[in-house]
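These numbers come from the heavy atoms of this one structure, side chains and all, not from hydrogens, waters or symmetry mates. Numbers restart at 1 for each chain; the letters A, B, ... are given by sequence-line order, proteins then strands. A quick note: this is a predicted structure, and the numbers were derived from the prediction, not measured.
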Protein chains: 2
Amino acid sequence: MREDTRSKIQEVALELFTEQGYEATSLREIAERLGVTKAALYYHFKTKDEIAASFLEDRAAALSRLIEWARTQPRTVETRRELIRRYAEELRVSSHHKVMRFLERNQTALRDNPKHEAMREVMTSFVDLLAEPGDPLHRRVKSSLAVFALHATWFLAKDEECSDDERWEAGLAVALDLVDSVDADRTATR
Amino acid sequence: MREDTRSKIQEVALELFTEQGYEATSLREIAERLGVTKAALYYHFKTKDEIAASFLEDRAAALSRLIEWARTQPRTVETRRELIRRYAEELRVSSHHKVMRFLERNQTALRDNPKHEAMREVMTSFVDLLAEPGDPLHRRVKSSLAVFALHATWFLAKDEECSDDERWEAGLAVALDLVDSVDADRTATR
DNA sequence: GTCTATAGCGCGATAGAC
DNA sequence: GTCTATCGCGCTATAGAC
């Protein structure tokens with residue numbers, strides 16, 4: 001119950017940063033929500049940016065592990081399908097989708113955060129694994145959309161008349177479909 | 001040369017809001033870039049929010065006209081394909097893609113701006129036109145991705161080794177492909 | 001590990017001269 | 001239509017007691 005003030009700060013900050021925006025959320029609000037003062041936050045994190053960096057770093061590391069795994073595999077459709085499945089699972093079981101939504105909604109505000117830059121690079125590597133080096137632009141766009149399809153199902157308005165599981169399944173189905181479609185196109189024009 | 005101070009403010013504001021973020025851009029920066037003072041901006045716009053609202057309103061109106069046209073047409077694949085083509089053209093020839101990029105990167109900051117809310121609603125209507133009322137979730141996700149594909153080609157890093165025209169064509173090709181794919185799926189399961 | 005108190009700054013916005 | 005000057009605020013961050 002002592003040291004998890006730190007993780008409670010992260011949890012509340014992630015929620016407020018996402019819902020109200022990073023810049024629009026003051027440390028006073030975060031502190032108030034936790035029943036402490038601003039000064040207490042500064043014991044756990046040196047700056048406001050460092051709070052954001054803390055969860056970006058965590059998720060970038062998780063993504064890196066996934067990428068490392070993929071690099072040990074042959075560059076086939078099967079590997080790509082499995083990569084999509086594993087990433088979809090990561091989104092489902094961890095806070096990953098929350099962090100991605102925070103990122104998506106605060107792109108400019110995080111512009112100068114080094115961990116944001118690191119996260120962008122990892123995402124680029126991830127998307128690169130879904131395409132072949134020589135693929136034309138339209139295939140690479142489609143491959144990016146596969147990843148975006150997985151995110152979109154978490155980002156879309158929660159007022160749809162369906163459960164999180166249904167949303168997750170729909171996103172996965174569309175992503176796999178896109179990977180297959182890119183592969184079919186590649187085979188057809190070989 | 002007189003009244004176009006107003007449009008110069010809009011132009012500079014749109015660029016800075018997009019590159020640095022809405023909240024991170026101060027009125028002082030906009031004024032300095034134009035060689036005037038903050039007070040001059042207040043002659044043309046009552047508040048900072050009103051500057052953002054001014055270009056959101058303009059593009060929401062353009063999109064509404066497109067939607068009105070589509071509503072006079074039969075709900076067929078051909079109409080949907082033409083709708084996608086017309087929207088792609090709007091993105092290409094006007095400032096529309098700049099405004100959409102600004103929107104995409106400043107979602108939380110614009111949260112309380114009424115014109116942002118209006119824009120969201122218009123975009124929802126637009127995506128709804130691409131799907132049938134009874135379509136399952138995965139088809140609606142795919143339809144949204146068609147629109148996102150058009151945006152993505154403008155939003156993606158400009159450091160790709162290709163021209164704006166090539167990017168535009170790739171986005172259009174992928175978007176039309178998705179519309180066709182949704183229609184094929186609909187026909188197959190009828 | 002959390003508190004009170006405050007420094008120091010830049011912001012959006014306004015008043016009123018020209 | 002643009003200026004100078006200024007107000008009032010809330011923010012990040014720090015100092016130092018407990």
In whole angstrom, give the distance that lies between atom [atom1] of [X] and atom [atom2] of [N].
{"X": "A:Ile9", "N": "C:dG1", "atom1": "CD1", "atom2": "C1'", "result": "11 Å"}
{"X": "A:Glu23", "N": "C:dG12", "atom1": "CD", "atom2": "C1'", "result": "15 Å"}
{"X": "B:Ile30", "N": "C:dG10", "atom1": "CD1", "atom2": "P", "result": "18 Å"}
{"X": "A:Phe17", "N": "D:dC11", "atom1": "CZ", "atom2": "C1'", "result": "13 Å"}
{"X": "B:Phe45", "N": "C:dT14", "atom1": "CZ", "atom2": "P", "result": "16 Å"}

Are A:Glu82 and A:Arg86 close enough for a salt bridge, meaning some N to O gap below 4.0 Å?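 Here A:Glu82 pairs with A:Arg86 in a salt bridge, since their nearest N and O are under 4.0 Å apart.
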
Give a yes or no on whether a salt bridge exists between B:Arg28 and B:Glu32, defined as a side-chain N under 4.0 angstrom from a carboxylate O.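 A salt bridge links B:Arg28 with B:Glu32.
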
Report yes if at least one side-chain N or O of [X] is closer than 4.0 Å to OP1 or OP2 of [N]; otherwise report no.
{"X": "B:Ser26", "N": "C:dC11", "result": "yes"}
{"X": "A:Tyr42", "N": "D:dA13", "result": "yes"}
{"X": "B:Tyr43", "N": "D:dT2", "result": "no"}
{"X": "B:Arg28", "N": "C:dC11", "result": "yes"}

So among B:Asp177, B:Asp180, B:Asp183, which one has a salt bridge (Lys or Arg N to Asp or Glu O under 4.0 Å) with B:Arg81?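 Only one option passes, and that is B:Asp180.
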
Please find out if less than 6.0 Å separates the ring center of A:Tyr87 from that of A:His151.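 They qualify: ring centres under 6.0 Å apart.
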
Using a 6.0 Å cut-off, check whether atom CD of A:Glu11 has over 12 heavy atoms from anything other than its own residue.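 12 or below, so no.
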
Can you measure from CD1 (B:Ile84) to CZ (B:Phe126) and round to the nearest 0.5 angstrom?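 The CZ atom of B:Phe126 is 5.0 Å from CD1 of B:Ile84, to the nearest 0.5 Å.
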
Any residue in residues 46-53 of chain B with a heavy atom nearer than 4.0 angstrom to DNA chain C? Just list them by number, or reply none.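 DNA chain C contact set from residues 46-53 of chain B: B:Thr47, B:Lys48.
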
Please enumerate all protein N or O atoms sitting under 3.5 Å from an N or O of nucleotides 3-6 of chain C, with distances to 0.1 Å.
residue, atom, partner, partner atom, Å
C:dC3, OP2, A:Thr37, N, 2.7
C:dC3, OP2, A:Thr37, OG1, 2.8

Cation-pi geometry met for A:Arg101 and A:Trp154 (6.0 Å, 45°):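 Because its charged atom misses either the 6.0 Å distance or the 45° angle limit, A:Arg101 does not stack over A:Trp154.
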
Would you kindly check if the NZ (Lys) or CZ (Arg) of B:Lys48 is within the cone defined by 45 degrees around the ring axis of B:Tyr22 and under 6.0 Å from the six-membered ring centre?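 Yes, B:Lys48 lies over the aromatic ring of B:Tyr22.
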
Kindly point out which of C:dT2, C:dG12, D:dT12 is positioned nearest to the side chain of A:Leu27?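 In terms of side-chain proximity for A:Leu27, the closest of C:dT2, C:dG12, D:dT12 is D:dT12.
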
side-chain hydrogen bond (donor to acceptor under 3.5 Å, both in side chains) against A:Glu132, all qualifying residues, sequence neighbours excluded: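 Partners of A:Glu132 under the side-chain hydrogen bond (donor to acceptor under 3.5 Å, both in side chains) test: A:Arg80.
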
